Every structure is written in C-alpha cells, then in structure tokens.
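Have a look at the structure below before the remarks.
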Number of protein chains: 2
Amino acid sequence: MGSASNAELAPLLRKLESIATLSDPAREAVAALPMTVRVVEARHDLARDKDRPTHCCVVLTGWACRCKLLDEGRRQILSFHVPGDIPDLQSLHLKVLDHSLGTVTQCRVGFLPHEALRELSVRFPDAASALWRDTLIDASIFREWMTGIGRRTAHGRIAHIICEMYLKLHAVGLAENDRCPWPVTQTDIGDALGLSNVHVNRVLGDLRAQGLIGPRERDLVILDWDALRALGEFDETYLHMERKAAA
Amino acid sequence: MGSASNAELAPLLRKLESIATLSDPAREAVAALPMTVRVVEARHDLARDKDRPTHCCVVLTGWACRCKLLDEGRRQILSFHVPGDIPDLQSLHLKVLDHSLGTVTQCRVGFLPHEALRELSVRFPDAASALWRDTLIDASIFREWMTGIGRRTAHGRIAHIICEMYLKLHAVGLAENDRCPWPVTQTDIGDALGLSNVHVNRVLGDLRAQGLIGPRERDLVILDWDALRALGEFDETYLHMERKAAA
DNA sequence: CGCTTCTTTGAGCAGCATCAATACTGGTGG
DNA sequence: CCACCAGTATTGATGCTGCTCAAAGAAGCG
C-alpha cells in the first residue's frame, strides 16, 4: 500500500483531460484524492460479480479487463482497460457489481474511496461531469462492441479492436509510430469479440499475410491503417475524445 | 406541441422512482421540468447519428429504439425503450450522437432542453445521481446484450430478451399476469440480437412448440418463466431495480 | 531445461445465414 | 363487404462462417 500523491495520479489526470476539460480547482481536487496503491499480479481479480465495492479502481500501469462468466466456462470480456481508466466507476451509483474486474497483465492499481469521489462530485460540478462523461464513453464503447459482435465479420471485428486499442493507448501516451503494447492472448481477443481462440488465430494470420499488421512480437505493429479502418468500418467518433493525444 | 405538466411527466417520474429514490424537492423539480410533447409516427427518426442534440427525448407512450447502421443495410439495434425512458440522456455530456434514435410504434415523446437538465443536476444532486444512475443502468444492459450476442445461443438470446422486456414493462406498470405488449417485428429482434429474421422466426416457433410462450397474438404471453430464465441464463441483477414495480 | 501457457495447424461439422417462395394480417378504398 | 396492398410471418433448400476436437510447435519463465 502506498499513499496519495500527484505523481501516482498522473495517469488518471491525463485520461480525464483527454476526454474533458477541467477547471484548475477541479484538477487540483482530483490530484488531491486519497488513493492507496497496490501491485496486482496478472490474471487476478480486482472485484467480483455481486460484490458491493466501497472503492473504485484506477489502472496506473498495465492492462485490466471486465468480464462476465457463463455456464460451461464461457466468458464474455466486456472491455479492456489501460492506464488512466477507472473500470468500475459505475459502482459509485450501482451498488452491486454485475460483472467481474481483473488484471490482464501485472498492474499498479489505485483505490479511490467512493466517499471521496462523491464529495468531489458535489463540490466540483465539472469534475462530476468529467466522471459522468467517462462512464458515458464507456457505454458508447459497449455499443460499438455490441455492433461489431452482432453484425461484423470476424475479420472486421479484429481489425476494429486493433484500431480502438491503438487510439486508446495513444491518447494516454502509450502508443507511437503505429506500434503499441499487445499483452492479450488470442483467447482474450476471442472472448472479447465472441469468437473462438482458434478462429482469432486464423484471422490474425490472414491480416499478417495481407500486410495489415506486422509479424508476431511483443508489440503490435500496424502496417496499413487505411485497410484496417475499412475492414473494421472503424469511425472513432464513438470514442468521444476531446484532444488527439497527451504525449 | 404541448407544454409541461405533471401529468405528462408521470412516466418519467415513475421510471426514475423505479431505479432511485428522490427527495421531495428533487421530485418536484423533475415534475416542473419544461417539456414539449409531440406525437411521432411509427418508424420515424427522433435523432440521427452525428447529430448534436440540444434536447433529450422522454418516451411517454409507445416503444422506441436506438440503432447503428452499417454498410449494405446491416443494422444493430442497441436498445429498446418504453415509457419513462430517456434514450438519449447521454447526449447531455456527449455532444455528438454515435447512433440513431427512432420510434418502433407511434409514440408520444417529450423533449427536455439540455439546459434545464443541467440546471436540475447542479441544484439537486440526488436528481443528478438518479440521472447518472439511469445512464449507468443503460450501460449495464449493453453489457448484458453484448454477453448474449457474443456467447449465448439464438434460443438463449431470445429467451433472455423476453424476460428483460417483460420486467422493464412491469416496472412501469405496462405488463401484468405474464402478458405484455410486443410491437416489434422478428426482423427487429434479429437486429437486436445479431440474428437473421428467418432464424428468429424458427426459434420463436420452437419456444411456442415447447410451451414456453403463447401463440402469436398482439401481446406476448409467457407460459413458463422458469424455462425461459434457465434457457436465457437470465439474472435480473443487471437491471439494478430498486423496487419491484410501480403498478 | 523442463514446465506451463500460448500459438499454430488440420479435419470435420453445426448453427445460423442467405435466397426464394408462399401464406397471413391489418388497413384501405371502392 | 370485399378486393387489394404492404408489411410481416412462415417454410424449404443450400451452403458458408466459424466452432469443436485434437495434436504439435513456440515461447516465456523459474
């Protein structure tokens, strides 16, 4: 456990300022939020379905994801989260969690007491708006994923999520030069997109063979933006970004 | 066009009180919101993708839906809306619409100026919480639909949406005795669940043959709740209702 | 270097899409 | 009152997309 500090909260501030404009007092109030920090190993739960959390989590480093578990091991990943995200901000107003939250990679995670966030919201309406807006963008991404899963081909879905994750990472300074971290397994991608891991593998193979993305390595390399955008019918409006990037 | 009145706003109040608790002053402030009312015919747009609305819509009677349109006539319906719902509440904080909103049946629709809602939010924090909460439940339903489309069979998805719509209608007093209005076409259901209209027809036929729902008529009749719940793995937690029904 | 996790590849198949034709239903006007 | 019409529901035939099962490479890690 650590204690609150401006440095620790930098990812959150950068994220909020990539989607909204904060007044100086609001920014300072966010930076002064009490936060405890923990390092959580990869593939561990941060909160479970049916929990009644008293804190919200901020991802400071690493990737997290939210998911629902069904019968017979079926899993639906609902979202991926990168530094600056507050994946369970909705728990501020929905007492019971309707899904689980866990790490994908090892993460540094900050815990913000609901009480402090509620007080922030009442005292700084523009901070409240920024947080509300964050949850609305979250919902907008759900709509886009739903559309992909319901009505796009496997190739389109995968092209689309590549575009999305690159832009999300770029907005917080973690992607540059058409290259970004890609710590998720093909099974993760499948569970996010409603596909089997085997089929994800084959489609990624196709995209590589067609020169849209680079060969397998630690980072994902995007070789042909136009083709990916076209294949995934990608239109970034739904990300509702205020500015292009923070880096 | 009409003008604001308590009677017109009753569906909105009933909906908000089914998901949150309002203080007396907040309830009165909601009832005093300025609203213009229009009757909109079935299958007409209320707002379009890329619009920058200055009002939010409240459904007063009838059903509405939100959808995204893709190439080659593909369509994804994102949600269905019944009286009391504010389908585009997110436009209060997201300037550009990322999808369209239209009527399913003929509707009476109320239009609430963003300005009035923003003022309400600042003056009555518990009204703001209720509205924020409403958008969070919206998002929760998106997560559930995403899970269904991604990981449930066609039979499960259809069973699930039947359970969901019945409960939503029941919460605002529009469903009783395992019977509820069902004004959507099989193509609508398909576009909501990522299925073809033909397959929806076959699955509905199965559900009827197995005695889970009644024969085709104006209303949908639920004959076997337990079987539908099991088939759709339906767990209403995600609807985050505060009380069982208003009727 | 041995273990586990992840990726890759092959073979066979099932769920659901597509195309196409036929019935039904409610609403309309003569 | 009935014929007509548009939209919707139903049914059949066919085949593609993506699933399942299975096994063999790669890669990271202690």
Side-chain angles (χ1 to χ4, degrees), chain A residues 41-44 62-63 65 70-77 102-106 148-161 181-209 213-220 231, chain B residues 41-44 63 70-77 102-106 148-159 181-209 213-220 231:
Chain A
E41 291 307 309
R43 308 288 166 183
H44 280 245
W63 285 35
C65 74
L70 288 80
D71 291 345
E72 301 157 37
R74 285 171 302 149
R75 178 175 72 146
Q76 178 67 44
I77 290 183
T103 57
V104 172
T105 65
Q106 186 194 72
I149 299 171
R151 288 292 181 232
R152 279 197 261 267
T153 65
H155 286 74
R157 290 179 224 179
I158 290 180
H160 194 280
I161 204 175
W182 198 257
V184 289
T185 67
Q186 295 177 351
T187 298
D188 292 332
I189 299 295
D191 285 345
L193 301 180
L195 298 168
S196 69
N197 58 345
V198 174
H199 202 60
V200 170
N201 181 273
R202 297 197 156 109
V203 172
L204 284 174
D206 285 353
L207 298 185
R208 290 192 187 108
I213 57 175
R216 187 159 75 86
E217 46 179 320
R218 183 176 296 277
D219 285 2
L220 175 74
L231 190 55
Chain B
E41 291 307 309
R43 309 287 166 182
H44 279 246
W63 286 33
L70 289 78
D71 293 344
E72 301 156 38
R74 283 171 303 149
R75 178 175 72 144
Q76 178 67 45
I77 289 183
T103 58
V104 172
T105 65
Q106 179 188 283
I149 299 171
R151 288 292 180 232
R152 279 197 261 267
T153 65
H155 286 73
R157 290 180 225 180
I158 291 180
W182 197 257
V184 289
T185 67
Q186 295 177 349
T187 298
D188 292 333
I189 299 294
D191 285 345
L193 302 180
L195 298 168
S196 69
N197 57 345
V198 174
H199 202 61
V200 170
N201 180 275
R202 297 195 155 111
V203 172
L204 284 173
D206 284 353
L207 298 186
R208 290 192 187 109
I213 57 175
R216 187 160 75 86
E217 45 180 320
R218 184 176 295 277
D219 285 2
L220 175 74
L231 190 55

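Chain A is the first sequence line, chain B the second, and so forth, proteins listed ahead of strands; every chain is numbered from 1. Computed from a prediction, not measured in an experiment: that's the story for all the values here. Values below: every heavy atom of this structure, side chains too, minus hydrogens, waters and symmetry copies.
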field: Residues Arg43(B), Asp188(B): salt bridge by 4.0 Å N-O rule
entry: yes

task: Give a yes or no on whether a salt bridge exists between Arg74(B) and Asp191(B), defined as a side-chain N under 4.0 angstrom from a carboxylate O.
output: no

Using atom [atom1] of [X] as one end and atom [atom2] of [N] as the other, report the distance to the nearest whole Å.
X	N	atom1	atom2	value
Ile149(B)	dG15(C)	CD1	C1'	17 Å
Arg157(B)	dG15(C)	CZ	C1'	10 Å
Leu195(A)	dG15(C)	CG	C1'	15 Å
Glu217(A)	dA26(D)	CD	C1'	15 Å
His155(A)	dT17(D)	NE2	P	10 Å
Ile158(A)	dT17(D)	CD1	C1'	13 Å
Arg151(B)	dG15(C)	CZ	C1'	15 Å
Glu72(A)	dC19(D)	CD	P	16 Å

message: Mind checking if Gly194(B) touches a base, just sugar-phosphate, or nothing, with heavy atoms under 4.0 Å?
response: sugar-phosphate

task: State whether the number of non-hydrogen atoms from other residues, nucleotides or ligands found under 6.0 Å of Arg218(B) atom CZ is greater than 12.
output: no

message: Using a 3.5 Å distance criterion without hydrogens, assess whether the side chain of Asn201(B) forms a donor-acceptor pair with backbone atoms of Val198(B).
response: no

Which residue lies more 5' along DNA chain D, comparing Arg218(A) with His199(A) via nearest heavy atoms: His199(A)

Name the pairs: protein N/O against N/O of nucleotides 9-12 of chain D, kept only if under 3.5 Å.
| unit_1 | atom_1 | unit_2 | atom_2 | d |
| --- | --- | --- | --- | --- |
| dA9(D) | OP2 | Gln186(B) | N | 2.9 |
| dA9(D) | O3' | Arg216(B) | NE | 3.2 |
| dT10(D) | OP2 | Gln186(B) | NE2 | 2.7 |
| dT10(D) | OP2 | Asn201(B) | ND2 | 2.6 |
| dT10(D) | O5' | Asn201(B) | ND2 | 3.1 |
| dG12(D) | N7 | Arg202(B) | NH2 | 2.3 |

query: Within a strict 4.5 Å, meaning less than it, do heavy atoms of the Leu204(B) and Ile213(B) side chains meet?
result: yes

- request: I would like to know whether Leu195(B) and Ile189(B) meet side chain to side chain contact (heavy atoms under 4.5 Å, CB included); could you show each step before the answer?
  value: CA-CA 8 Å; Leu195(B) 298 168; Ile189(B) 299 294; over 6 Å; no

